[in-house]
Amino acid sequence: KAVDEISLTIPNGIVFGMLGTNGAGKSTLLKVIAGVLKPTYGSVDVKGVVAPMLELGAGFAPNSSGKENIFLYGATMGFSRKFLQEKYDEIVEFSELGSFIDAPVKSYSSGMRSRLGFSIATSVKPDVLILDEVLSVGDAAFREKSEKRLEGMMGDGVTVLFVSHSTDRVKRLCNKGIILTQGQLVASGEVGNICDLYTEMVRQK
């Protein structure tokens with residue numbers, strides 16, 4: 001079982017960190033919450049529009065340009081073309097892609113795909129934003145800018161589910177968190193305590 005007997009409630013408007021080693025079930029749990037995978041039993045209740053950034057480039061049409069993908073990706077989240085046109089300049093400016101916005105996404109580096117996906121997902125301000133290791137690529141300046149945007153979204157009531165192997169980043173950005181081990185929930189609580197416990201668990205391995 002990739003995810004086994006996990007039961008949790010994530011309050012509205014917080015940044016919720018998920019920690020665990022590779023294969024712990026973090027990405028699978030996020031895919032279930034996003035509706036990409038259906039649970040074999042149990043249920044998931046998600047309120048509002050979800051913007052999932054589960055894998056770099058996931059949801060993008062590789063042969064289409066960055067510009068075209070802004071409208072395609074936005075449409076999958078239920079946003080109208082008119083709304084996306086209003087947000088277009090903001091998305092391109094934040095992504096810092098410049099003229100590359102007219103190039104096909106298949107020519108993008110992993111960092112460029114991450115920039116585009118993050119810029120779309122955060123500019124349209126969904127109710128739930130799911131980020132699976134997307135801030136681990138790209139340059140330090142863009143990561144810092146992205147973290148500031150996430151902090152701003154917290155005040156707007158956006159719920160963020162954040163997976164990272166960096167306890168420093170989780171501690172800096174998140175309010176609460178959980179630790180997964182072999183598909184099971186082994187700890188949950190305030191993010192400082194969770195990060196300290198996870199660091200100790202990794203040291204003992």
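Along the sequence shown, the residues carry numbers beginning at 1. These figures come from a predicted structure and were not determined experimentally.
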Heavy-atom side-chain contact between [X] and [Y] under 4.5 Å:
X    : Y    : result
I33  : L161 : yes
V49  : V128 : no
L180 : L185 : yes
T199 : R203 : yes
R169 : E147 : yes
I120 : M77  : yes
Y73  : L116 : no
V170 : C195 : yes

(Q) Are F16 and F162 an aromatic pair, judged by ring center distance below 6.0 Å? (A)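 When the ring centroids of F162 and F16 are compared, they turn out to be at least 6.0 Å apart.
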Q. Taking the six-membered ring for Trp, is the centroid-to-centroid distance between F142 and F94 below 6.0 Å?
A.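 They qualify: ring centres under 6.0 Å apart.
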Q) For atom CD of Q85, is the number of surrounding heavy atoms from other residues, nucleotides or ligands below 6.0 Å larger than 12? A)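 Yes, enclosed.
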Nearest 0.5 Å, please: how far is [atom2] in [Y] from [atom1] in [X]?
X    : Y    : atom1 : atom2 : result
L19  : C174 : CG    : SG    : 8.0 Å
Y88  : E93  : OH    : CD    : 12.5 Å
E151 : S146 : CD    : OG    : 11.0 Å
I130 : L29  : CD1   : CG    : 9.0 Å
R113 : S107 : CZ    : OG    : 9.5 Å
K26  : I178 : NZ    : CD1   : 10.0 Å

Output yes when a side-chain donor or acceptor of [X] lies under 3.5 Å from a complementary backbone atom of [Y], and no otherwise.
X    : Y    : answer
Y198 : H165 : no
S123 : S119 : yes
K31  : L37  : no
T181 : Q184 : no

Could you pull out every donor-acceptor pair under 3.5 Å between side chains of residues 5-14 and any protein atom, sequence neighbours left out?
{"unit_1": "N12", "atom_1": "OD1", "unit_2": "T159", "atom_2": "OG1", "d": "3.3"}

Q: Please step through side chain to side chain contact (heavy atoms under 4.5 Å, CB included) for the pair I194 and I179, ending with a clear verdict.
A: CA-CA 7 Å; I194 289 298; I179 300 172; 3.7 Å; yes
Q | Worked verdict on L131 versus V163 for side chain to side chain contact (heavy atoms under 4.5 Å, CB included) | A | CA-CA 6 Å; L131 301 174; V163 165; over 6 Å; no
For [X] and [Y], work out which heavy atoms get closest and say how close.
X    : Y    : value
S64  : N69  : O-ND2, 3.3 Å
A61  : V105 : O-CB, 4.1 Å
V124 : F79  : CG2-CE1, 3.6 Å

Q: Determine, for K87 against E90, whether the closest basic-nitrogen to carboxylate-oxygen distance falls under 4.0 angstrom.
A: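 So K87 pairs with E90 through a salt bridge.
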Q.
Could you walk me through whether T122 and R149 satisfy the side-chain hydrogen bond (donor to acceptor under 3.5 Å, both in side chains) test, starting with their C-alpha distance in whole Å, then the side-chain angles of each, then the deciding distance to 0.1 Å, before giving a yes or no?
A. CA-CA 8 Å; T122 56; R149 175 167 275 201; 3.0 Å; yes
Q) Taking atom types as modelled, is there a side-chain donor on S27 or D132 under 3.5 Å from an acceptor on the other? A)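 S27 vs D132: donor-acceptor pair found between side chains.
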Q) According to a 4.5 Å side-chain heavy-atom criterion applied to Ile, Leu, Val, Met, Phe, Trp and Tyr, with indirect links allowed, do L173 and L197 form part of one hydrophobic cluster? A)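 Yes.
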Q: Check whether V36 and L72 end up in the same hydrophobic cluster, where Ile, Leu, Val, Met, Phe, Trp and Tyr are linked by side-chain heavy atoms less than 4.5 Å apart.
A: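 No, V36 does not connect to L72 through the hydrophobic network.
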Q.
Test: salt bridge (charged side-chain N to carboxylate O under 4.0 Å, His left out). Region: residues 61-82. Which pairs qualify, not counting sequence neighbours?
A.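 Found K82-E86.
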